[in-house]
Amino acid sequence: DEIMNHNYGFTGEVLAKYDVELKIFVAFQRVFMCLPLAHVVNHDVFVTHGGLPRISKNLSLDTIAAVDRIKVSQDDPRQPREPQEEDIIYNDLMWSDPFEGAGIRGSERGGSARQFGADITEEFLAKNDLSFMIRSHEVKDEGYEWMHNKKCLTVFSAPGYCDSCRNRGAVVRLHAEEDEGRLRPEIRPFDTAEKPQDYVYAMSYASSTYQLWNEALRKAGIN
């Protein structure tokens with residue numbers, strides 16, 4: 001997401017480290033646009049960044065796979081249009097969060113973000129013959145959290161998020177048992193490591209992004 005990269009300092013860091021070359025930032029963006037929106041491990045565990053779409057009822061994995069990831073990513077949010085089904089799927093896979101309730105509701109994050117309840121998770125997993133889902137997008141004190149009757153696992157791998165939180169991080173390892181097809185998760189929490197002397201603090205480049213961006217546009221001959 002180009003706007004997120006601007007706001008959180010990634011754009012500024014790339015331009016500062018690569019001689020304000022716009023083409024370098026564009027190359028990074030093209031790589032991001034090609035990353036999958038979701039993945040299924042061993043036909044058993046669904047993995048995505050945010051959560052389940054608000055149109056999850058009867059939503060199949062084939063429908064998700066059919067989303068034109070690059071096309072949707074290229075839409076300019078500054079020129080809004082009526083969202084199509086693939087826009088909604090894309091948005092919610094990226095940015096939705098679970099809550100301990102039922103159905104779909106608006107998110108406290110505001111905007112177009114949504115939250116999905118335990119029934120949405122159960123229906124989606126049953127429809128696609130999956131055991132559980134893994135997602136991220138939310139800071140968790142211990143680095144992870146189970147919800148929805150242990151069908152929805154949040155794993156957040158950035159301890160001390162943005163150098164302002166005191167959360168632990170975590171990763172999950174999936175084990176395939178020899179006598180059955182279902183996967184078994186092994187969650188591994190961890191704490192922040194000691195920072196080296198040359199450590200660059202989170203969002204250090206955010207304040208200079210606007211200036212570097214304009215400089216990169218001028219250098220590229222774009223007014």
Output all residues satisfying side chain to side chain donor-acceptor pair (under 3.5 Å) with [X], sequence neighbours left out; order by chain, then residue number.
X: Glu145; value: Lys140
X: His49; value: none
X: Glu186; value: His175, Arg188
X: Glu138; value: Arg135

Does [X] have any salt bridge (charged side-chain N to carboxylate O under 4.0 Å, His left out) partners at least two apart in sequence or in another chain, and if so, which?
X: Arg114; answer: none
X: Asp68; answer: none
X: Glu215; answer: none

Inset, instruction - Using the test side-chain contact (heavy atoms from CB on, under 4.5 Å), find all partners of Pro83 that sit at least two apart in sequence or belong to another chain. - result: Asp87, Ile88
Legend entry - Any residue meeting side-chain contact (heavy atoms from CB on, under 4.5 Å) with Ala158, in chain and number order, not counting sequence neighbours: Phe156, Tyr161
Listed once per pair and sorted, the salt bridge (Lys or Arg N to Asp or Glu O under 4.0 Å) pairs that draw on [range], sequence neighbours left out:
range: residues 3-17; answer: Glu13-Lys17
range: residues 28-56; answer: Asp44-Arg182, Arg54-Asp92
range: residues 160-174; answer: Glu142-Arg168, Asp163-Lys195, Arg168-Asp191

